[in-house]
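Every value quoted in this text rests on a predicted model; they were computed, and no experiment measured them. Residue numbering restarts at 1 for every chain, and letters A, B, ... go by the order of the sequence lines. Values below: all heavy atoms of this structure, side chains included; hydrogens, waters and symmetry mates excluded.
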Amino acid sequence: MRRIALVDVNNFYVSCERVFNPKLEGQPIVVLSNNDGCIVSRSAEVKALGVPNGSPWYHVRELAEKHQIQAFSSNYTLYGDMSRRVMDVLRQFSPDQEIYSIDEAFIDLTPQPHLEPAALGRLIRQRLKQWVGVPVSVGVGSTKTIAKLANHAAKKRAEFAGVCDLGLLDAGALDALMRGFGVREVWGVGPKLEAKLTERGIRTVADLRDAPASALREAYSVVLERTVRELRGVSCLRLDQVRPARQQIISSRSFGEPVFALEELVQSVQRHATRAAEKLRRDGSVAAVVGVWLETNRFRKQDAQYHPSASTRLPAPTDDTLSLVAGARRALERIFRKGYRYVKAGVCLSDIGDRRVRQGALFELPDHAAKRERLMKVLDAANERYGSGILGPGHAGMTRPARWAMKRLMTTPAYTTSWNDLVRVQA
DNA sequence: TCTGGGGTCCTAGGACCC
DNA sequence: TCTGGGGTCCTAGGACCC
């Protein structure tokens, strides 16, 4: 029997903000998405007010004023660094770790049968609180799907006090617990599947566990069949310790203000292609296709809508910023139409491979490629040292601050990654 | 006036092959 | 009246995750 633990940080972004501003403890606070658009993290106090995750911030303004909810712009520099600290601590409990997202990881405790998972879970909780400063929940089960469910139980049921090992429950207690949770709480069941399953009379986790797996595969997909088997304790999902290189790299942003002119779209698309190329090089990958898309505001029914996309296939896979920017620009020029109120642009790199086994172009000059490579090294080094975006193509004549630049009006300092932002402690 | 930004996997259907 | 039977590859779109 495997023993998989899922550890995640409770309302991660909110918890990060609280580490450096303890006065926020016990206060209703939220963290907002880019452009201060939507709520992406809520403290328990805000959840208790019934504010759903993902709500547009301006929709809850009134409620926020009434209850003095404090909002913060997202500070990904801080959250990324805090995430690294959490993962470092977790790795000390088991080297068999899959970092599943910025705030959660699976760890395999099977190779340490002499340790009791629940006791270990309590130790993890205590240590992360003390060493990193964030509260976590721990769920343990014989499969990843059960560990996810256990984690949910650890949060929702006070009697578990943040740590739940479903392996400790006898059959009757496990059944009761599974009857107490709706099918939507299962990892892999979203709103669409929930609706379809409900039609079939499958309403609780227990209903899904006991449903005929092969029939569900026929009706829906192999993904759902695997979920059902995992709920029964049959492991169908591997623990992926090494993340394979990404197959797709996206850089996109909503604009701070609507944009109408090609000139401004060019600037933002160049910026996205540059960022995507940086990510690509960091992965040690090359891409053969660069895609661009534009969006108008789909919530504004009075506006003419236009959501075009196009892509450019490059002569050979590359990680060269200038080639990728040029490709993105060509794609953009093909889809741009005047007269629309654009609110977002994005770039997507695909057909990605390992740069070490890259196939060159037929007419490529070897020393040209070598020069470009050196140029990219300089670019990456400069941006690493002086801040991302300091050096890049198309910067000449750029209007600052651009209309397309993000709005972030409530950002906290980069406490852990910038000397200037270090916390001052008074004696 | 203001509604995020990343990713993954699977399926269906069409084009094409022998 | 009857019009084969396998394959592969690619793409678009859908569903899910955080």
Practice prompt. Check whether any side-chain heavy atom of A:Phe181 sits under 4.5 Å from a side-chain heavy atom of A:Arg157, and report yes or no.
Written response: yes

Fill in: Pairing residues for A:Arg300 by the salt bridge (charged side-chain N to carboxylate O under 4.0 Å, His left out) criterion, not counting sequence neighbours
A:Asp303

Discussion item. Side chains of A:Asp36 and A:Ser73: any donor to acceptor distance under 3.5 Å?
Written reply: yes

Worksheet item: Can you name the one residue among A:Lys144, A:Glu104, A:Gln241 that meets side chain to side chain contact (heavy atoms under 4.5 Å, CB included) with A:Glu98?
Response: A:Lys144

Worksheet item: Any side-chain heavy atom of A:Trp57 sitting closer than 4.5 Å to one from A:Val30?
Response: yes

Worksheet item: Do we see a donor-acceptor contact under 3.5 Å between the side chains of A:Gln27 and A:Ser43?
Response: no

Practice prompt. Please tell me which of A:Gly37 and A:Tyr220 maps to the more 5' nucleotide of DNA chain B, matching each residue to the nucleotide holding its nearest heavy atom.
Written response: A:Gly37

Discussion item. What contact category does A:Arg226 fall into here, base, sugar-phosphate, or nothing, at under 4.0 angstrom with non-hydrogen atoms?
Written reply: sugar-phosphate

Practice prompt. Side-chain contact test, heavy atoms from C-beta onward, threshold under 4.5 Å: evaluate it for A:Phe255 versus A:Leu265 and give yes or no.
Written response: yes

Worksheet item: For atom NZ of A:Lys192, is the number of surrounding heavy atoms from other residues, nucleotides or ligands below 6.0 Å larger than 12?
Response: no

Discussion item. For a quick check of understanding: with a heavy-atom distance under 4.0 Å over all strands, which category does A:Ser251 fall into, base, sugar-phosphate or nothing?
Written reply: sugar-phosphate

Practice prompt. Would you classify A:Arg300 as touching base, sugar-phosphate or nothing, given that sugar-phosphate means primed atoms plus P, OP1 and OP2, and contacts are heavy atoms under 4.0 Å?
Written response: sugar-phosphate

Fill in: Six-ring centre of A:Tyr13, A:Arg42 cation under 6.0 angstrom, axis tolerance 45°
no

Discussion item. Using the C1' atom as the point on both nucleotides, what is the distance between C:dG4 and B:dC17, in whole Å?
Written reply: 14 Å

Item to complete: Please work out if A:Arg341 contacts a base, only the sugar-phosphate, or nothing of the nucleic acid, heavy-atom cut-off 4.0 Å.
Response: sugar-phosphate

Item to complete: Using heavy atoms and a sub-4.0 Å distance, could you list which residues of residues 187-197 of chain A are near DNA chain C? By number, please.
Response: A:Trp187, A:Gly188, A:Val189, A:Gly190, A:Pro191, A:Lys192, A:Leu193

Fill in: Pairs touching residues 17-37 of chain A that satisfy ring-ring contact (aromatic ring centres under 6.0 Å, His included), sequence neighbours left out
A:Phe20-A:Tyr415

Item to complete: Find out whether A:Pro258 and A:Tyr342 are in side-chain contact, i.e. whether some heavy atom of one side chain is under 4.5 Å from a heavy atom of the other.
Response: no

Discussion item. Once you apply a heavy-atom cut-off of 4.0 Å, does A:Val186 come out as touching a base, just sugar-phosphate, or nothing?
Written reply: sugar-phosphate

Discussion item. Once you apply a heavy-atom cut-off of 4.0 Å, does A:Arg217 come out as touching a base, just sugar-phosphate, or nothing?
Written reply: nothing

Practice prompt. For A:Leu128 and A:Leu90, run side chain to side chain contact (heavy atoms under 4.5 Å, CB included): C-alpha distance rounded to whole Å, both residues' side-chain angles, the deciding distance at 0.1 Å, then the answer.
Written response: CA-CA 8 Å; A:Leu128 279 169; A:Leu90 281 181; 4.2 Å; yes

Discussion item. If only side-chain N and O atoms count, and only distance matters, is there a donor-acceptor pair under 3.5 Å linking A:Asn10 with A:Ser15?
Written reply: no

Discussion item. Under 4.0 Å from a heavy atom of chain A: give me the 5'-most and 3'-most nucleotides of DNA chain C that qualify.
Written reply: C:dA15 to C:dC18

Worksheet item: Contact class for A:Lys344 vs. all strands (heavy atom < 4.0 Å): base, sugar-phosphate, or nothing?
Response: sugar-phosphate

Worksheet entry | Base-pair map of DNA chain C as dot-bracket, where | denotes pairing with a different strand and pairs are Watson-Crick or G-U under 3.5 Å | ....||||||||||||||

Discussion item. At 4.0 Å (heavy atoms only), tell me whether A:Arg253 reaches a base, stays on the sugar-phosphate, or touches nothing.
Written reply: sugar-phosphate

Practice prompt. May I ask you to say whether A:Asp175 pairs ionically with A:Arg209, meaning some side-chain N is under 4.0 Å from a carboxylate O?
Written response: yes

Discussion item. Using a 4.0 Å heavy-atom cut-off, does A:Arg246 contact any base of the nucleic acid, only the sugar-phosphate backbone, or nothing at all?
Written reply: sugar-phosphate

Discussion item. Over all strands shown, is A:Val222 touching base, sugar-phosphate only, or nothing at heavy-atom distances under 4.0 angstrom?
Written reply: sugar-phosphate

Worksheet item: So which of residues 75-106 of chain A are in contact with DNA chain C, with a heavy-atom cut-off of under 4.0 Å?
Response: A:Tyr100, A:Ser101, A:Asp103, A:Glu104

Item to complete: Would you mind telling me which residue lines up with the more 5' stretch of DNA chain B, A:Tyr58 or A:Lys279, judged by nearest nucleotide?
Response: A:Tyr58

